[in-house]
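In this text, all values refer to a predicted model and were calculated from it rather than measured experimentally. Below, chain A is the first sequence line, B the second, and so on; all start at residue 1.
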Amino acid sequence: MTDSSFDVRFDAGQADSRWQAAWEQARCFEADSASTRPKSYVLEMFPYPSGRIHIGHVRNYTMGDVLARYKKLNGFEVLHPMGWDAFGMPAENAAMEKGVHPAGWTYDNIATMKRQLKQLGFALDWSREIATCDASYYGHEQALFLNLYQAGLVYRRESAVNWDPVDQTVLANEQVVDGRGWRSGALVEKRKLNQWFLKITHFAQDLLDGLATLDTWPEKVRLMQENWIGKSQGLEFSFDLSNGDTLPVYTTRPDTIFGASFVAVAPDHPLAQGVAAVNCDAANFIALCKKGGTTAAELETAEKLGFDTGIGAKHPFTGEYLPVYIANFVLMEYGTGAIMAVPGHDQRDFDFATKYGLPITRVIAASAGAADAPLAEAEAGDGICVNSGFLDGMSVADAKAEVIRRIEAEGRGTGKTVWRLRDWGISRQRYWGTPIPFIHCNACGVVPVPKADLPVALPEDVDFSVPGNPLDRHPTWKHVDCPQCGKAGRRETDTLDTFVNSSWYFLRFASQPADKPFDQAEVAQWLPVEQYIGGIEHAILHLLYARFWTRALAHVGLIEVKEPFASLFTQGMVTHETYSRRDGPREIYFSPPEVDRSSGGAVLREDGQPVQIGKVIKMSKSKKNVVDPEDIIADYGADAVRWFMLSDSPPERDLPWSEAGIEGCARFVQRLWRLFGQVGMGGAGADAENDIALDRKLHQTIAAVASDIEALSFNKAVARIYELTGAIEKASPSASRSNAIRQLIVLVSPMMPHLAEEAWSQFRLGLVAEASWPKVDPALLVEDEVTVAVQVKGKLRDTLTVAKGLPSAELEALALASEKVQRSLDGAQVRKVIVVPDRLVNIVA
RNA sequence: GCCCCUGUGGCGGAAUUGGUAGACGCGCUCGACUCAAAAUCGAGUUUCUCUGAAGUGCCGGUUCGAGUCCGGCCAGGGGUACCA
């Protein structure tokens, strides 16, 4: 391009790659830790390398990119890195299905996705790229894990997994479909294995308290985490049993104790095990409870089943004996694994009592008079105590305190805090993950691998032709000598949950020495992440684990920060309908390009036969309802795709993908291009005039776009830019107009960086990526006239254009003088006039 | 089951946080330009029984005034600890 001749059309095909090369050559997105400029760490959740990027990635990274570029324009030293959450199940599935090695499959995917991300022109610091499946990453993770072990935050215990009895393998929850293994079709059962755990519960209170400091996190995420942590104040007390033993139970509703009609223990409770040892019906019942998977949803929605042990539990106040059941809906992990059941005020207990014909008593009512109101379902709400002896008439809160006081006075139990949060089970019986760095020795027990021997690397020669853990089957890998006694031992063959990988990657981005996980001082410079952006689906697990891991590292003295993400933004998901066919027990999914939707229905292109159109849900690899952005970039250019991602839908809300709209964005790119070519029109001569209205519009837009970007309200920023563009186009040539065009180039540069560079290059001022955000003149932000609404009885009848700041009395007089108002009043008596200065007048008649 | 969120024209959405509902964009309709098409430009576009009235998922409430606040529903989505 020459100085004066803009081509008629912007050619994204050649401009995109040219500017991408220019940025790379200038290394302008490589973060300099030594810089004296204020630092800004902008991070988007790193992707799983599933094969190709999808629109959800494009949306996520475009948002972060706009913010990162905007921050740079505002003088910040920006860290905006990218990497790969590269361990996980899909690589092993690919190995089983296609016979490819997980490593090869993963690194191929990374190469493809990196190439695709580069096509979008993201301002990323690729010099800090990480792949978690690389031993140079997971070796450091093993070292961190050993630090936590030494601090007592790691332990082993038994825990249940989904067991496929045919394939003889552990299944992920996702691999259990309708209670059956997805490959074998066998009914899944629970099986206990010895597994590794992290003591996240040690930080339960701190994780809860920390939420209060995260005031720029979405309220909904804080609420979800708070509920997940689930602190509850309640009472732990013991029942005396008819067999002479005592049974500790935990309840959050001691106020309802007079409504208890039975006691229930978990199937794996010692009492249940004891009964089963002498009663084969009980043993059979417990075996029955082993059927089915381990998910909370499955446990909660399963039919409530119980087994009457014949044991009685003596009510501490009434002295009455309540039957003790073994029940499938009681969880050993929560409280004491035993409950007092109050059917009137807990729905699970209600369902159970109804099924087994147990009494259902109301003990909480709206008023004393409603003590005998029938219960159609459990009522969990507030009220006062009824049918409850000495508690009658008390509020729920008072009754809780009173019961706790009496039980404590009698020495039967204590008020106690329990948490819903459970320790983090991190063992996976899989190959493609971080090996847990321990060695089992018959003499020494479980021995940590010495740090000098890290990383414990995965063996490359593994066999995926049969189900199960290839590490465990490997002929030599696990056979090593004990580091303590030197005798033959064997390696731990479990690998770490992939959520561990994503619990500290943001630290490694900030600092990546070869000999240790990170440098403490360098981490302190960049952390916390100023703005973290990712999908709402990570609201609980990933974000809670990362918060925990950061605390744990602070606990062992490796870092100073406690909260890794100062500000969080959860983008909505990109959604699309699904296409599938049923094949026996499993659903076969098809991707949108495989399906022809032109006829209104949906047929598979391959065979012309119909496929089922499913719900509009989040795009996911497993459902194949994904769209490939690369084709769209090829057709319309990166800037049109980026613009489309930012337009219309508010970023926190779901974005239903449709091809309609992208063409409009491509047209807008060309419209801007034509406008940018007019920068020299009318602005140079001595007779050039100012256009105060356009100046105002420009400065209002600069201010609004800045605050919209800072609030991540990109759709609003986009609308502002459309308005300014329209206003400039309509304006006559003037110095103001030329200036506005020039500033507009900078305004759109975070969103459409290639187009902006191409247009900016006519000024020979270097890269627009390294320019400055325009300054706002506050005097130009204020309008001198306002439009005021005039209502009669709350209904709009007229509008008035008046000077800003007009006194209320004058505004009222003007409104009453309005012909439309008088017609609408029709002679009625004016009773009241409400005046909101500069906004509205409401006349009440 | 439980926790959380969302619901506004044909479509995506905006609404100064209780003050003119539908900004801006897409789509569509009509017009200009053109031999023609594309592109571009201009006008229009919530609905109806249309001098008016109704209208922000449904039912009710608070208020001079409710998309916004409160109560109760309905529908869709996310999470539910081994999908990431």
Side-chain angles (χ1 to χ4, degrees), chain A residues 8-9 45 47-48 50 85 87-90 161-162 170-176 200 218-221 223-228 230 293-302 329 333 347-348 351 420-430 497-499 502 535-542 544-545 570 572-573 575 615-618 620-622 644 647-650 652-656 658 660-665 667-668 670-671 674 715-716 718-723 726 729 787-791 793-799 823 831-834 836 839-845:
Chain A
V8 179
R9 292 185 65 78
M45 292 177 186
Y48 179 78
S50 55
D85 190 12
F87 274 138
M89 259 191 348
V161 294
N162 299 309
V170 177
L171 298 177
N173 289 332
E174 190 190 48
Q175 297 172 316
V176 180
I200 188 172
E219 179 68 24
K220 61 178 171 181
V221 175
L223 251 177
M224 280 190 267
Q225 292 212 356
E226 186 181 327
N227 291 334
W228 185 262
T294 57
T295 69
E298 211 177 331
L299 295 172
E300 292 276 342
T301 54
F329 66 93
E333 280 89 2
Q347 192 58 42
R348 290 164 302 181
D351 294 344
R420 208 189 76 98
L421 182 68
R422 307 197 302 257
D423 275 337
W424 179 10
I426 44 170
S427 280
R428 298 292 180 271
Q429 293 72 37
R430 276 187 260 287
D497 181 2
T498 56
F499 274 125
S502 52
I536 182 63
E537 67 271 25
H538 295 294
I540 298 177
L541 293 182
H542 161 59
L544 192 64
Y545 290 147
T570 54
M573 287 162 302
T575 58
K615 287 176 185 167
V616 177
I617 54 169
K618 77 158 171 169
S620 78
K621 187 88 175 158
S622 63
F644 180 69
S647 306
D648 295 350
S649 278
E652 71 277 9
R653 217 181 288 181
D654 287 353
L655 172 69
S658 77
I662 183 72
E663 289 191 15
C665 292
R667 278 202 298 273
F668 184 61
Q670 299 302 337
R671 191 174 147 202
R674 286 190 300 274
N715 57 321
K716 295 188 205 170
V718 163
R720 301 282 191 181
I721 287 171
Y722 275 122
E723 285 183 26
E729 285 170 338
T787 305
V788 172
V790 181
Q791 300 178 332
K793 287 184 279 188
K795 292 196 172 160
L796 184 73
R797 294 302 173 190
D798 202 358
T799 58
R823 200 191 315 149
R831 294 207 323 250
K832 193 174 171 186
V833 180
I834 286 131
V836 182
R839 294 232 59 85
L840 113 169
V841 179
N842 187 11
I843 298 158
V844 187

From the options B:C82, B:G78, B:A81, select the nucleotide whose nearest atom is closest to the side chain of A:Glu537.
-> B:G78
Between B:U8 and B:A15, how far is it from one C1' atom to the other, in whole Å?
-> 10 Å
Does A:Asn842 use its side chain to pair, donor to acceptor, with the backbone of A:Ile834 at less than 3.5 Å?
-> no
At under 4.0 Å, does any side-chain N or O of A:Lys795 touch on OP1 or OP2 of B:A54?
-> yes
Length of the line joining A:Leu840:CG and B:G19:C1', which is rounded to integer Å = 5 Å
Name the nucleic acid region contacted by A:Arg667, choosing base, sugar-phosphate or nothing; use a 4.0 angstrom heavy-atom cut-off, strictly under.
-> sugar-phosphate
Atom CD1 of A:Ile834 and atom C1' of B:G18: how far apart are they, to the nearest Å?
-> 12 Å
Provide the distance between the two P atoms, one in B:G78 and one in B:G61, to the nearest whole Å.
-> 35 Å
What's the base orientation of B:U20: syn (chi within 90° of 0) or anti?
-> anti
Find which nucleotide of RNA chain B each of A:Lys793 and A:Ser647 is nearest to by heavy atoms, and output the residue with the more 5' nucleotide.
-> A:Ser647
NA contact type, A:Val170, heavy-atom cut-off 4.0 Å: base, sugar-phosphate, or nothing?
-> base
From the candidates B:A81, B:G65, B:C82, the one with an atom nearest any side-chain atom of A:Ala296 is B:A81
Describe the nucleic acid contact of A:Gly230 in one word from base, sugar-phosphate, nothing, applying a heavy-atom distance below 4.0 Å.
-> nothing
5' priority, RNA chain B, between A:Arg420 and A:Val718 [closest heavy atom] | A:Val718
For nucleotides B:G79 and B:A84, find the distance between their P atoms and express it as a whole number of Å.
-> 13 Å
Sticking with atom P, work out how far B:G57 lies from B:A39, rounded to a whole angstrom.
-> 36 Å
With no hydrogens and no angle check, is any side-chain donor or acceptor of A:Arg428 less than 3.5 Å from a backbone partner on A:Asp497?
-> no
Interatomic distance where CD1 belongs to A:Ile426 and P belongs to B:C82 [whole Å] = 11 Å
Quantified in whole Å, what is the C1' atom distance between nucleotide B:G13 and nucleotide B:G9?
-> 11 Å
Interatomic distance at P, B:G7 relative to B:U47, whole Å = 22 Å
If you measure from the C1' atom in B:C3 to the same atom in B:G18, how many Å do you get, rounded?
-> 30 Å
Could you check how far CG of A:Asn715 sits from C1' of B:G22, rounded to whole Å?
-> 15 Å
Spacing of A:Arg653 atom CZ relative to B:U8 atom C1', expressed in whole Å | 9 Å
Would you indicate what A:Ser502 reaches in the nucleic acid, counting non-hydrogen atoms under 4.0 angstrom: base, sugar-phosphate, or nothing?
-> nothing
Hey, does A:Ser649 reach any base, or is it just sugar-phosphate, or nothing, if we go heavy atoms under 4.0 Å?
-> sugar-phosphate
Picking from B:G19, B:A84, B:C82, which would you name as closest to the side chain of A:Thr498?
-> B:A84
From the options B:C82, B:U80, B:G19, select the nucleotide whose nearest atom is closest to the side chain of A:Asp497.
-> B:C82
If only side-chain N and O atoms of A:Lys716 are considered, is one of them under 4.0 Å from the OP1 or OP2 phosphate oxygen of B:A15?
-> yes
Sort out the partner of B:A39 for me: Watson-Crick or G-U wobble, both distances under 3.5 Å, none otherwise.
-> none
Among B:C82, B:A81, B:A39, find the nucleotide with the atom closest to the side chain of A:Thr295.
-> B:A81
